Amino acid sequence: MKSPRLLLVIAALQPAYGLPVMVRLGYGNCASCHVSPQGGGLLTEYGRGIDEAQSLRAGEYKSGVADGVSVLSAGGHLDQDFRIVVSDALSRLSGGAWASAFRSRFYYRTVTMLGRGWRVTATAGGENEATPRRSLVYDPSIIPGQAFIATALIQYRPKEGIELAAGRDQLPMGVYTGDLTTLVKARNRYGLYDTPTQAKLFLWGKRWQAVPYAFIPSGHEATLARERGGGVLAEYDLLGKGKTIVGVNILRGTAAIANRIMTGIYTRLGFGSWGILAEQDFTRRTYLPDTGAVCFSQSAAYIQTFRAFREWLVGSAIFERLDIAAPYRERLISVRAEISARLTPNFTVGIRAGMQYDRQAGGAAPVATVQLAWKTVGLRPW
Amino acid sequence: LRTAFVCTCITATGVLFSGGARAEDQAVQITRGTASFVATTNVSAISVHGASDTLTAAANVREEGRELVLERIDARLDAKRLSSGMELRDQHMREKVFTGPDGNVAELRFESAKAVCPAPAAGQVAACDVSGTFFLRGVGRAFHMALKIKPDAQPKSYRVNGDGTLKLTAYGIEPPSQLGIRISDDVKVHVEFVAAVQGGERASR
C-alpha cells in the first residue's frame, strides 16, 4: 500500500442504493422502481413494495405515510425519506500498522410533485468526515464541507418514457451500483461530490434507453478543473426480458486543466439467482499545464459477479483494474468480496473484505468494512 | 396460466418427437420440460417473468407419410411450482390467478384430442400449431400454441419450443394490480423440452 488516502477511497461509504442486481429478476433499468430514471434517490410506491418483498421480513408494503405525519406529505405532493449509513473500516497503513476508521453519513431526500409531470428533487447530505476521490494533478477532486447537496433537479415527464431533467446531479452512468469509490467511477469524475450542473433527456422503452446530456461546472470544483461538455448513454435489452442489458456511454469534457474523451461499454446480466455487472471505460486525456499538452490514456474495468442466496441476502465477488499510461502511470488491481443482508426495508447490513494491489509500485492494501444502513420508508422509521 | 400453456406446448412437442420414429402409435412421455411466462404491465419498464421446470406431458403419436399425428395429448404443470423469483409475488400470483373460488389451486392442464405436424428433417425446423383446451382454475378454454421442432444433436432426439398467448379474463380472472402496476390481460407462454427416441422405445428428458 502506498498511501493511506488510497485506503480511504476503498473504504468509503456506499450510499446503499437499490442495486442493479435486480436485473436478475428482469428489472432492466432504474425507472422500474425509482422516481428518477437514473436510479438512486427515492423509490416509487411500486419500488417500495419490491424493497419490502426483497427483505428478510418480506412483508406487504402498505402505501401512505405514518400516522401523525401525513401533514408532512403536503397532501401527497411531497415525498421524502432519511437515510443514515455508518461504517467501520479496518485497513493497513504504510509501515504495516493497522488502523480503523469510523464514518457516518446522512441523507435527506425529497421529491415534490408539482403536477402535470413536473417535480423537484433534492438530496442533502452530511458526514463526519469527507471522503473525496483521489485528487490527481490532471484531475483535482472536489473537497466538500461536512454538508453537501448531492442532487437538486427540476424534472419534467410529459409521458411515460420521456423525462427532461436539469440541475445538479451525478452524470448518467452505465453500471450504477451506488458505490462511487470504485476505480471505474472515481477515476472518471463519478465521485460522490462530482455533481455538475447539467441537462439530460431520458428516453426509454421496454427494451432500450437513451440519455443525451450536457453539463457545466457546479462551481465547487477547483477553478482550473471546472469542466463542461456532454455525452450520450444508450443501452439495449438484447433478449427482451430485462436481463441482458448492454450499453455504451460516451462523454467529452473540457476544462482549463485537462480535456478528456471517455468511451465506456457496459453490461448488466441476470440469470435468476445470480448475475454479472461489468463496465470497461477507456479515457483519453490531454493534460494542459503551462509547459505544454500531455496526452495519455486510461483504461478502467469493473466486473461484479453476484448471487442472491436468499432474496434478502446477496453476495458479490468484485474485480477492478486500472491502467494509466505514462507519464502518470498507474497499474492497480482490486479484488474484494461483499455480502449484503437486507433485514427490513429500513435496515441493511453489509460486510466487505478485499485487497488492492499496486502493480506499478508494488504492495498490497487490505481492507475490511462493516456497514449499517438505515432509512425511513417515506417517513416510517420501522 | 402461462404455465398451463407451457405444459400444453410440451405435450405437443413430445408427441411430435415420437411420431418421427415409427409408423404405429407410440406413447410419448415428457417428464421434465420447462415452461415460462411473460406478462407485461402498464409501465413499459416493468414486466413479470416466471418459470417452472416441472412440466410433464403424455401423448400417442404415429407417422402418416411425412406427418406426425399426435393424439390424446395431456400436459400438466403444478401451478404452485411456478416461480417469478420473488416469493411474495409468487404468493400474489397463486392467490390472485391460480386459486379458484373453492379456495383450491388446480393443476394447469392442456388437452388436445389430435394434432398434425410435419416430421422435421435433419437440420431443419418443422413448425405447426397445436390446438386444444387449456384449463386454469379448472376452467377450460380453447388454446393454441405454435411449435417449432428441430432435430437435436443426439440421435433420434428433438428440441421443441412452443409459444402461445392466453387471456386472463377469458378465465374470469381480473388482471392483478399492485401498487399502481397492472398486469396486462395477455400472458405469453413459452415451453421448451427435448424428447429422445432410443431403439424401438421413445424416451424423454
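Note: hydrogens, waters and symmetry copies are ignored here, and every other heavy atom, side chains too, is used. Letters A, B, ... mirror the listed sequences (proteins, then strands); counts begin at 1. For clarity, every value in this text was computed on a predicted model and none was experimentally measured.
Proximity of Met86(B) to Ile50(A): side-chain heavy atoms (C-beta onward) are separated by under 4.5 Å at one or more points. Annotation: side chain of Glu87(B) is not in contact with side chain of Arg310(A) (no heavy-atom distance under 4.5 Å).
Of all non-hydrogen atoms in Leu179(B) and Gly49(A), the two that sit nearest each other are CD1-CA, 3.5 Å. Of all heavy-atom pairs spanning Ser32(A) and Ala45(B), the tightest one is OG-O, 3.2 Å. Here the closest non-hydrogen pair linking Leu25(A) and Arg89(B) is O-NH2, 4.4 Å.
More than 12 heavy-atom neighbours from other residues, nucleotides or ligands sit within 6.0 angstrom of CZ on Arg157(A). More than 12 heavy atoms of other shown residues, nucleotides or ligands fall within 6.0 angstrom of atom NZ in Lys96(B).
If you measure heavy-atom distances from Ala58(A) to chain B, the contacts under 4.5 Å come from the backbone alone. Of the atoms belonging to Gln54(A), it is side-chain heavy atoms, and not backbone ones, that fall under 4.5 Å from chain B. Heavy atoms of Ser84(B) lying under 4.5 Å from chain A belong exclusively to its backbone. Of the atoms belonging to Tyr27(A), it is side-chain heavy atoms, and not backbone ones, that fall under 4.5 Å from chain B.
The backbone N or O of Lys241(A) sits less than 3.5 Å from a side-chain atom of His49(B), completing a donor-acceptor pair.
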